[in-house]
Every structure is written in C-alpha cells, then in structure tokens.
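Okay, so here's the structure we're looking at.
For ligands, and for the atoms within them, numbers begin at 1 and follow the listed sequence.
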Amino acid sequence: MCATPAKKLGLALKPVEFLTEADAKTELKRLAAEIAHNDELYHAKDAPAISDADYDALRLRNKAIEARFPNLTRTDSPSKRVGAAPATGFAKVAHRHPMLSLENAFSDEDVRDFFKGVRNFFRAPADVARVEEDTIAVMAEPKIDGLSCSIHYEKGVLTLAATRGDGVTGEDITANVKTLKNVPKELKGKGWPDRIEIRGEVYMDRDGFFALNAEREKEGEPVFANPRNAAAGSLRQLDSSITATRPLAFFAYAWGEQSAPFAKSHHEALKHFREWGFTVNPLSRLCHGVDELVAFHQHVGEERAGLPYDIDGVVYKVDDLDLEERLGFVSRAPRWAIAHKFPAQQTQTLLKNIFIQVGRRGTLTPVADLEPVTVGGVVVSRATLHNEDEIKRKDIREGDTVIIQRAGDVIPQVVSVVEARRPKDSHPYKFPHKCPECGSLAVREEGAVAWRCTGGLICPAQGVERLKHFVSRNAFDIEGLGEKHIIDFWHDGLLKGPADIFRLKSETLEAREGWGKVSAQKLIAAIDARRTIGLDRFINALGLPQVGEATAKLLAKHYRSLSRWRQAMTDAADETSDAWKELNDIHGIGEDMATDIVGFFAEDHNKTVLNELGEELTVEEYAIAAPVGDSPFTGKTIVFTGTLVEMSRSEAKARAEALGAHVSGSISAKTNFLVVGADAGSKAKKAAELGVTTLTEEEFLKMAKG
Ligand code: IVH
C-alpha cells in the first residue's frame, strides 16, 4: 500500500463538516490502514516514509471525523491506541560469559606463530607434549559469514536467544530464532546439561539471498548489500512473522553457560550438538598438527566458491577443553582459537575522483570515489587512499582504472593502478594544503605522514566527527542521532560539544522543519536512556588520541571509576609519580600512548568537557565479572618474578586474573603478594624491605587451587 500524506492531499480532501456519513466511513477505513502502515514503517522498520507533520495531520483528521461521527469509530481505530506503539526495540540480555571475537591470521606464518604462542604458554613437559606444533589436536571449522547468536535451553527447552551485541549485552531475539527451521525448540537425545547455552552463526544462503533481493526489488524496497546484512536485517525484526519468511539457518559451533560439563574436547561437544538436533558444519574436521591445518585451509579455500553460503576463513580451536580453559582469554579474544582468513577478493574499477575527508582530530584523509562495483559480495563505491605518500607511491590519479580489494571487514583499499588504461591527459594528484571544510591552513609536521587542518574548534568537520564518534555504537550508542542530525544541529549552533546533546529540548526540536512531537520525543528519550553509562564506553566516547574501544576497556578495568581515573591521570602528569608508573604498567599501554592520555587531561578545554558531562551523566563503575567463588587472591595485587617451572609467566598471570587478582609488573607498598620463581632478582629484596608476603610457585598453585 502506498502512504499518501494528508498534506499533499490537502486540496482534494473535503472539510470534515461537509462529509456525508458514507464519505466518513470510507475515509476512516483508509486512515486506519494508512496510519497503521506508517506506524509499522516508523517503529518496526525505522524507515518512516512521511514527515512527522504529515503523520500528525493524518491522526488529527481521523480524530476530527470521529468527533463528528462517533458511531462510525472503528474497532481498529488509531485513536484507540494511545499514541503510536512505543518503539520498545528488543529487551537487553546480559551474557553471563562474554561473547568474544577472534584474532585473525592472514598467512600460514601467522598460524604457525599463533601455535608457537600456545606452546610457549605451557611449561610442564606433560602439557607441552600435548601442544607441540606438529601433533597438537585442533578442531578446524569454516568461518561462516553471518552473525553470532546465543541460544539458551533449560531442561532441554529453548528459553532465550540473543544477539552478540557488544559481546557483553545482546538483544533478546527469542521469538525470531524460534522461527528458524534447523534450531531445535526442544533438544533431542540425552546427556544435555539442565542449563546449556549453545552458540553459533545465523546465516542466509546465497540462493535465498538473491531470491529475497529480487522480491524486494520488485516491491520497490531497498536491497541488501550481502547475505550477512540480509541475515542481520532479517533476524532483528520486531515482528517475528517477517523473520519466519526469510531463508535463515544456524550452524552450532560453541557454547557459553553450562550447568555441568558435557564434553572433554571440542570434537566431542560438536558430536553432542548433532545428537541434540543442531546442524554442525559438515566440513568441520579434527586435525593434528599445524601442517594439517594449513592443508585444510587450502582445501576449504578451493571448495569455497561451490559452497551454498559465504565463508571468510577457517577457525582453529585447541581441541582439549582442559588446555582451552587454562589458555583463557586476552582482551576480547580467546588464546585457544584463531581465524585464518582467506586472501582478500579483488576487482577492477574506475576511480572517478579523489576527495578529502577531515577526521575528528583534523587529519586529512584522501578517499577514492569509485564507479560502484561488487567485490567479495559487497557493493563498493569508496576506498581509502590513506595519505599523500601512499598516493604518490602508487601514483594514483583521478580517472585511473584501479584494482581494489576487500580483506574481511577492512575498508576497501586501492591495491594498484592499471597503467595501460590510464587516460592520456591525466596528471599526478596534487594534495591540497588547505582544509576543504573550513579553509584553514593544513600542515604536515616533520616525520608525520598526515596533513592536518589547523582550524581546531572552528573546523566544522572536526566538531562533527567528534560528535559522530561520541554517539557511535561502541560509545554512547544514541539511537536516532545520526550524521545528518549532527551536521544540522552543529550548523544551527544547537550542538557545540558533547554535553550539548544532553541539553537538547524536545520543544526546540519540534519547532524545526521536518520534526514533529513523535520524532522529537523519541530522540530525547533515546538520549535520556544514555544518561547512565559504563566507564569503558564513556572513555571510548571521549576519543582520546590512540584510545579505541579495547584501550578504553583496559583503562576502565584498571581504574574502575571515573573519579579514580581522572585523579590518576592528573597525578600522572608528573613522570616520576607512582601514577605515571602505574599507567605504563598496564599491559597494552605503551609510553607513547600514556603520554597522549595524560596530555588530554592537561588541556583546559578537555577538563571543561569532562566537568560539563559530569553534570549531565552518571558514569557507572566498571563491573568486573565476579571470579568463580572467592579466593585468597580476590581483589589483591600480585607480582610475579623469576622463572616459573609449572607455568609460563602468561599462564600465571591469566590464572591470577581469573581468581580476581590484579597483576602488576612492579613492586610497591600496594603489592599484596610476590610470587618468586628461580633466579629472582632485586624484586625479592624490595619485597622483603616493604614487608610484602612472598610465595613460592608451589605455594601460589596450592592457594590458587583453594
Ligand atoms: S568460535 C570465542 N567458530 O566469527 C570465539 N566463530 O570473528 C567463539 N564465526 O563472533 C567463536 N564461524 O560470529 C567460531 N566456526 C566458527 C565461526 C565463528 C563464524 C564468527 C563468530 C565470531 C566471529 C569472530
């Protein structure tokens, strides 16, 4: 059905007082259908087809007709619904065990290095024997290009299904997952634990994807760029009857929560999954030694084009679950698994012109505007050219035919120029020395690769980019505050800094063209929903130089609260202070990064932003997953020194952290335990001076076992 805005029909509509009863009846029927249709577009699809003003006019007219002919009020009248259905979206689901991502290997060499790392993690000869590079048992599975999903079963019955979300919190998509034919609603066979959370990938096969797009094209609806997007769009439908019509399927490959252990190895777990009614990818294979893995990768790579669904690599998982548990996790990825990606897919296209994008810190990045082309299943129309030197090195010119590639999720790149197809009148690209956004001088500092706009706060691009980052998915994640709104609000002076977002008023928005009560209130509600935020997201949103999502997490995990972090960063300005040392001791933070972080706190305008945000927000303390049970090390600071016999230093650190300890590299009065291995040096002496409890490796292990 086609939505017809009342405004556009204005002249054609009879004034309400002139309507006959028959007219009124026909029109109320039309209005009921039209308003319901627009509600659906707005709330379920996030794709309104008419402006809020037009929508309000439809409702007003419906109300006016009903006021004149109350006996004609329909049972499905829009006036019986209080406003429109609230855009509740999906309920949030906290993952008890975080849903992690995988490190990537791009070459056989990377894979060998990964397994060398696994081998070096262990120390005791019996453990090492199980992980030798030429014999280690590893489960190898195709890496399905879909979206991961967690499905909970209680006493064998499907009770909850969730998306991965940010890995810690996902969305409740139970009703939708229940529509997938190859997901058992009740587990078959026996031997399943009372509570078990199965994880795997929801995907759409290629034939289903093409058929769906053909249908959408016929209906005039936008098509999906690739099967993964189609699967995501289909799974995140508020109306599960829409999901039910989409050709989705599920491969089970992992698990999260379990009330009791059910397998000793990955291959045994997958065998059980099959018995319980899941589909496990038929190409999955147990391999022994890295050579077999590399051969498997080659084999699957050859099969890839003939498979009915998209895969983008092979995942290797240490098969023995005891070893897996000991290997644990680092940052957001397990130490026991890695994804071996397939090489990037390449194609040729025309580079129409080069334009300059200005980043949130003023970096000018050249971008290629390409003739759209499909590569690796995705339509590509832009590619980054990185910087001036890169353009010079490859001699990339406007009008060139270029080879581009996509490597996994990485932004497409221009690999090289097809010189034979270069137009005769082409000339080398001249990098601009002025900011294209604000006209300020651009500078390239000595030793730097990038040109930078000197416009600072007056440059709209920098302001807008900073705000875009602030509201982005892994930062404040404010739904409905997109790029277009930020640009408009910036230009009209409504937003000058991040705190202004929280000072926006519904009435101000309502008064703007194209806005109505519903959309203004919806945005304000989305903003209000983020007035309480986790410390890690908050740090990420600030956009400190070199601090991305992972570093923000490290900082949040270490300092726990905003006030402690602020204080420590201010104290760390003195490079002889303990605070400076502590920051540099955080695994994953180098000196260069520490300098940038501390530098941020030295700037007055950054302090002002923090103070202003402090008035608008509650920043929650970082919650660390409670360690299983209590241990003598919970909440304590441990330092390891000397050579350990049973464990490598990495394993010792991982063990201690799993027990709730904080592991530090240097001894101070705050240290609770020093674990001393063979040939310990000055640390043991210092510990004795400070009165820190020292433990032998054996004592540590005994206490760790409890
Ligand atoms: S195992 C701890 N196995 O790849 C990690 N992941 O890049 C558990 N994926 O988020 C994941 N096929 O969505 C695993 N056979 C497979 C996979 C697979 C696809 C996805 C998954 C994950 C992403 C990581």
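For NZ of Lys185, the number of neighbouring non-hydrogen atoms (other residues, nucleotides, ligands) closer than 6.0 Å is greater than 12. Glu215 CD: 12 or fewer foreign heavy atoms inside a 6.0 Å radius.
Residue-ligand proximity: Ala337 is placed with every non-hydrogen atom at 4.0 Å or more from ligand 1. At a 4.0 Å cut-off, not a single heavy atom of Gly200 sits close enough to ligand 1 to count as contact. Ligand 1 lies less than 4.0 angstrom from a heavy atom belonging to Lys317.
Below 4.0 Å from some heavy atom of Glu141 lie the following atoms of ligand 1, by number and element: 3 (N), 15 (N), 16 (C). Less than 4.0 angstrom separates some heavy atom of Leu102 from each of these atoms of ligand 1: 5 (C), 6 (N), 7 (O), 24 (C). Heavy-atom contacts of Pro334 reach the following atoms of ligand 1: 2 (C) (cutoff under 4.0 Å).
The shortest N/O to N/O separation between Pro142 and ligand 1 falls below 3.5 Å. Below 3.5 Å of separation, one finds no N or O of Ser101 facing any N or O of ligand 1. Taking any N or O of Lys143, backbone or side chain, at least one lies under 3.5 Å from an N or O belonging to ligand 1.
Of the candidates His97, Arg96, Arg199, Glu257 forms a side chain to side chain donor-acceptor pair (under 3.5 Å) with just one, namely Arg96.
Using a 4.0 Å threshold on non-hydrogen atoms, atom 8 (C) of ligand 1 does not count as touching the protein.
Nearest heavy atom pair, residue Leu212 against residue Ala230, reads CD2-CB, 4.4 Å.
Ring planes of Trp255 and Phe273: perpendicular class, angle over 60° (limits at 30 and 60°). In this pair, Phe278 and Tyr153 present their aromatic rings perpendicular. The plane angle is above 60°, beyond the 30 to 60° band. Between Trp336 and Phe329, the ring-plane angle classifies as perpendicular under the 30° and 60° cut-offs. Note: His297 and His340 have parallel aromatic rings, judged against thresholds of 30 and 60 degrees for the angle between ring planes.
Scanning the protein for heavy atoms near atom 10 (O) of ligand 1, the closest one is Ser148 OG, 3.7 Å. Closest to atom 12 (N) of ligand 1, if we only count protein heavy atoms, is Ile144 N, 3.0 Å. Shortest contact from atom 13 (O) of ligand 1 to any protein heavy atom: Glu201 OE1, 2.7 Å.
A 4.5 Å side-chain heavy-atom check between His152 and Ile198 finds every atom pair outside the cut-off.
Checking Tyr253, Trp255, Phe251, Phe329 against atom 11 (C) of ligand 1, the nearest heavy atom belongs to Tyr253.
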